[in-house]
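Written out below as structure tokens is the structure these notes cover.
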Amino acid sequence: MIDPRTNTRLPRRSRRLSSRVHSGSVDELPVGPTDACRCEHCPVKNRHRRTDEDNLRSAAMLRKVEAAIETNFQYALADLEEFVRLKSVSADLECIGDSLKALCLYRDRLERMRFNIFEYNINAPRAVCDTSPHPKVVFAHYFSSPSKNTILVYAYLDVTPAKFEDGWLSEPFEFYMNDDMLYGRGVCTGKGMALCWLQAIEAWMEQHGDLPINIKFIIEIMHTVGSVGLQHYIQVKREFFQDVDCIVFGNNSWINEMKPMMSCSLTGWAHFGLEMRGGTKTLEGGLVGGLVYEPMTEVPTAVTEWDLIESAIFSDYAYKEQFGIRRIRYELTKAELLHNRWCQGTLSMHGIEGSFSRKGSLTPIPMSVMAKFSMKLLPDQMVNLVQNHIEEFLRTKYDELKMRTSFKLHLLDSCDPALWGIDARYNKALVRSISRVYQVQPDLSMNIVTSLPIASTFKKITGKPIILMPYSQRMDYSHVVNESIPKQCFLRNIKLCTGLMHELSLLPTRCKCDVAFDYCNRRGIAEMLKPATEKSTHKPTIFSRLRKHRSVKPRDQPPEPQLEPQRKRLRDWLCAPFRRYRMNKNKFSPK
């Protein structure tokens with residue numbers, strides 16, 4: 001391939017990267033050691049090419065794990081029952097104790113599997129007299145080997161409020177099974193998704209003592225109230241995301257009961273504040289009412305995959321009954337209704353700041369108010385472009401209405417929508433896992449956009465590739481009365497997590513010395529579990545050279561001269577870490 005800028009032939013690696021960029025796979029990264037890697041024994045560079053025998057061995061390991069999952073499925077149901085009983089309602093401060101208990105249970109399970117745990121307090125706004133404990137977020141890391149891929153799993157354990165009086169068949173925080181359906185608050189959302197990963201990891205560890213990939217977790221208990229405080233830790237703990245290859249989110253994206261659907265796009269958002277100003281201070285209504293211009297009186301308002309939308313199971317009558325709505329927009333056909341639900345942007349008003357909104361009545365006239373509204377953005381709507389269009393529209397209306405107050409548009413918060421290629425290698429790994437577990441090829445779509453604000457936030461801050469795992473077969477049953485999921489679907493999702501780890505372990509890896517210093521020389525659980533007779537690929541250190549020198553000393557060599565006291569102390573100091581490692585070596589042996 002010829003570089004048009006210099007009219008020279010591109011090197012082999014550059015040609016490969018160029019073709020990848022033109023193919024539209026934006027999350028593909030070059031594999032192998034990076035330019036920052038100076039290690040002669042880099043495990044990524046020296047990783048042997050997989051053979052048919054290796055693939056057969058990996059497939060046998062996966063089948064063994066899946067058999068163990070089926071055998072121990074009753075324990076998975078018992079875990080789900082234990083977590084459903086905890087009333088972890090993040091919107092209710094009285095339930096913070098149960099929320100923290102659920103988080104501690106999950107953390108302890110990870111810690112027993114040799115995860116490194118990091119806990120951080122969430123300093124959410126609260127009353128001065130409130131003495132309840134602070135909510136927390138847990139960051140966990142299992143490092144197996146620098147030669148393996150690393151994924152980050154986002155999980156949450158909090159739920160929305162639920163009462164038996166709302167029409168539940170049983171108590172919402174009591175686990176209930178009927179006709180192969182699992183009922184309870186959280187079985188179809190955060191708790192169910194989080195436990196699928198926990199069961200998959202425990203099954204793999206039980207059968208093989210190690211995981212096929214490196215895995216990280218972020219577990220929170222404030223998801224349903226907007227993930228309060230989590231964005232701060234995502235920004236300040238950026239080193240936690242340096243070696244992550246992709247981020248996995250559970251998502252309810254089945255649009256029918258025939259096959260899963262994988263979305264390859266995320267909505268963005270833009271929160272605006274329209275400030276109207278009539279004066280520099282608030283005035284008394286009884287004195288100047290009717291004489292000044294008041295801001296409050298001048299605040300003014302692609303081609304889609306129709307085949308998939310037509311196959312979606314949706315009842316507008318049940319939808320209206322569920323939320324107590326008399327009428328909904330676009331009631332002509334089901335396809336048009338769902339088209340506006342999934343494939344169109346929205347604009348919502350969120351109140352007016354500066355005006356009096358509490359109980360009672362006041363006479364002062366506010367001279368500065370701000371109307372707050374937000375927009376859901378689709379992949380072809382960038383924040384800057386939308387902001388320019390809104391400002392131009394408001395300026396036109398301002399002139400048409402001949403308004404006498406000044407206005408200013410503020411961008412309060414924003415996130416650009418995300419779109420990635422269907423043929424991305426991480427998507428393909430998930431497609432293979434779904435096809436294996438469900439025995440059906442999933443539908444892939446970039447036009448049916450998923451609205452998952454926390455995933456958009458991760459994408460915005462970290463820039464890492466995203467995987468959206470379809471979880472619940474009954475999409476509209478999450479966060480509602482009689483929340484439920486089929487028992488077989490819960491079992492399959494545990495296998496789906498296991499299969500995704502297996503498929504990601506087969507993908508080529510890259511050395512990450514460019515983002516983490518000396519990454520390829522780090523020792524993980526896999527290196528510590530290697531037999532002592534197996535040849536190590538790590539660069540020999542001064543300790544190994546000293547040991548080798550002492551072990552192969554010829555018999556006819558004259559005795560070693562006595563070292564000076566300073567040199568002897570230096571040698572002892574250099575060899576002390578090696579001796580401590582030998583003494584503590586048994587700590588890393590498998591139980």
Side-chain angles (χ1 to χ4, degrees), residues 55-85 105-106 109-110 112-113 142 144 151 153 155 175-184 186-213 215 217 248 250-252 254 257-260 262 429-442 467 469-474 477 483-506 590-591:
N55 294 332
L56 291 174
R57 188 183 301 110
S58 299
M61 294 173 65
L62 178 60
R63 288 194 298 269
K64 188 176 180 181
V65 174
E66 289 179 339
I69 290 174
E70 292 183 356
T71 303
N72 300 324
F73 185 54
Q74 68 273 14
Y75 298 111
L77 295 177
D79 285 342
L80 186 59
E81 179 179 5
E82 182 180 12
F83 276 86
V84 168
R85 288 179 181 273
L105 284 175
Y106 204 91
R109 295 277 287 275
L110 292 177
R112 285 198 292 270
M113 291 185 290
Y142 180 91
S144 176
I151 67 169
V153 176
F175 187 67
Y176 174 66
M177 288 189 292
N178 185 27
D179 294 334
D180 289 332
M181 294 292 293
L182 311 179
Y183 292 88
V187 298
C188 188
T189 49
K191 291 181 178 179
M193 298 177 192
L195 284 175
C196 285
W197 278 106
L198 196 63
Q199 293 296 325
I201 293 173
E202 287 183 342
W204 204 288
M205 295 284 288
E206 180 183 355
Q207 297 300 316
H208 306 296
D210 191 17
L211 296 181
I213 59 173
I215 186 167
F217 272 92
V248 183
N251 180 46
N252 293 341
W254 285 56
E257 295 185 356
M258 295 177 290
K259 59 172 64 175
M262 285 176 52
L430 182 55
V431 168
R432 290 191 294 269
S433 303
I434 294 174
S435 302
R436 173 187 173 86
V437 173
Y438 289 95
Q439 299 297 311
V440 64
Q441 192 79 4
I467 293 180
M469 284 182 59
Y471 175 70
S472 172
Q473 189 171 350
R474 296 173 177 264
Y477 274 33
E483 181 178 338
S484 61
I485 186 174
K487 183 193 296 186
Q488 191 66 20
C489 189
F490 181 63
L491 173 62
R492 286 176 174 175
N493 277 287
I494 300 177
K495 294 182 178 180
L496 181 58
C497 296
T498 304
L500 181 59
M501 288 192 291
H502 166 73
E503 291 293 340
L504 292 176
S505 69
L506 304 180
K591 296 182 180 179

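The basis for the numbers below is simple: all heavy atoms, side chains too, and nothing from hydrogens, waters or symmetry mates.
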request  = Side-chain contact test, heavy atoms from C-beta onward, threshold under 4.5 Å: evaluate it for Val440 versus Ser435 and give yes or no.
outcome  = no
request  = Can you see which heavy atom on Glu483 is nearest to which on Gly186, and at what distance?
outcome  = OE2-N, 3.2 Å
task = List the steps, then state whether side chain to side chain contact (heavy atoms under 4.5 Å, CB included) holds for Leu62 with Trp204.
result = CA-CA 8 Å; Leu62 178 60; Trp204 204 288; 3.8 Å; yes
note = Across all chains, not counting sequence neighbours, the salt bridge (Lys or Arg N to Asp or Glu O under 4.0 Å) partners of Glu70 are Lys495
Atom pair CD1 (Ile485) and OG1 (Thr189), whose distance is rounded to the nearest 0.5 Å = 9.5 Å
task = Report the C-alpha separation of Val187 and Phe175 in whole Å, then their side-chain angles, then the decisive distance to 0.1 Å, and conclude whether the side chain to side chain contact (heavy atoms under 4.5 Å, CB included) test is met.
result = CA-CA 9 Å; Val187 298; Phe175 187 67; 4.2 Å; yes
ask   = Hey, mind stepping through Glu66 and Thr498 against side chain to side chain donor-acceptor pair (under 3.5 Å) and telling me if it holds?
value = CA-CA 8 Å; Glu66 289 179 339; Thr498 304; over 6 Å; no
ask   = Any idea which heavy atoms bring Ala194 and Ala155 closest together, and the distance?
value = CB-CB, 3.8 Å
query = Passes side chain to side chain contact (heavy atoms under 4.5 Å, CB included), Ile213 versus Tyr142? Steps please.
reply = CA-CA 9 Å; Ile213 59 173; Tyr142 180 91; over 6 Å; no
message = With rounding to the nearest 0.5 angstrom, report the CD1 to CD1 distance, Ile215 to Ile151.
response = 4.0 Å
message = With a sphere of 6.0 Å drawn around CG of Asp179, does it hold more than 12 non-hydrogen atoms of other residues, nucleotides or ligands?
response = no
task = Answer yes or no: is there a side-chain heavy-atom contact under 4.5 Å between Tyr438 and Arg492?
result = yes
query = How many angstroms lie between OH in Tyr176 and CE in Met181, if you round to the nearest 0.5 Å?
reply = 11.5 Å
inquiry  = Is there a side chain to side chain contact (heavy atoms under 4.5 Å, CB included) between Arg85 and Glu81? Walk through the geometry before answering.
reply    = CA-CA 6 Å; Arg85 288 179 181 273; Glu81 179 179 5; 2.9 Å; yes
Ile69 side, atom CD1; Gln207 side, atom CD - distance, nearest 0.5 Å = 9.5 Å
ask   = Atom CH2 in Trp197, atom OH in Tyr106: separation rounded to 0.5 Å?
value = 9.0 Å
message = Looking at every non-hydrogen atom in both residues, tell me the closest pair between Met262 and Pro442 and how far apart they are.
response = SD-CG, 4.3 Å
Polar side-chain atom of Asn493 near backbone of Tyr471 as donor-acceptor pair, under 3.5 Å = yes
ask   = Do Leu77 and Met177 have side chains that get closer than 4.5 Å, going by heavy atoms?
value = yes
request  = Compare every heavy atom of Gly192 with every heavy atom of Phe490, then report the nearest pair and how far apart it is.
outcome  = CE1-O, 3.8 Å
key: Non-hydrogen atoms of Met193 and Asn251 that approach each other most closely   = CE-N, 4.2 Å
ask   = What are the two closest non-hydrogen atoms of Ala200 and Cys497, and how far apart are they?
value = CB-CB, 3.8 Å
message = Between Pro470 and Ile434, is there a side-chain heavy-atom distance shorter than 4.5 Å?
response = yes
inquiry  = Any non-hydrogen side-chain atom of Val431 less than 4.5 Å from a side-chain atom of Gln441?
reply    = yes
task = Check whether any side-chain heavy atom of Leu211 sits under 4.5 Å from a side-chain heavy atom of Met205, and report yes or no.
result = yes
note = Separation between CG (Leu198) and CD1 (Ile494), nearest 0.5 Å, reads 9.5 Å
note = Applying salt bridge (Lys or Arg N to Asp or Glu O under 4.0 Å) to Arg432 and not counting sequence neighbours gives Glu503
query = Is a donor on one side and an acceptor on the other found under 3.5 Å between the side chain of His208 and the backbone of Met61?
reply = yes
task = Using salt bridge (Lys or Arg N to Asp or Glu O under 4.0 Å) as the criterion, list what pairs up with Arg109, not counting sequence neighbours.
result = Asp79, Glu202
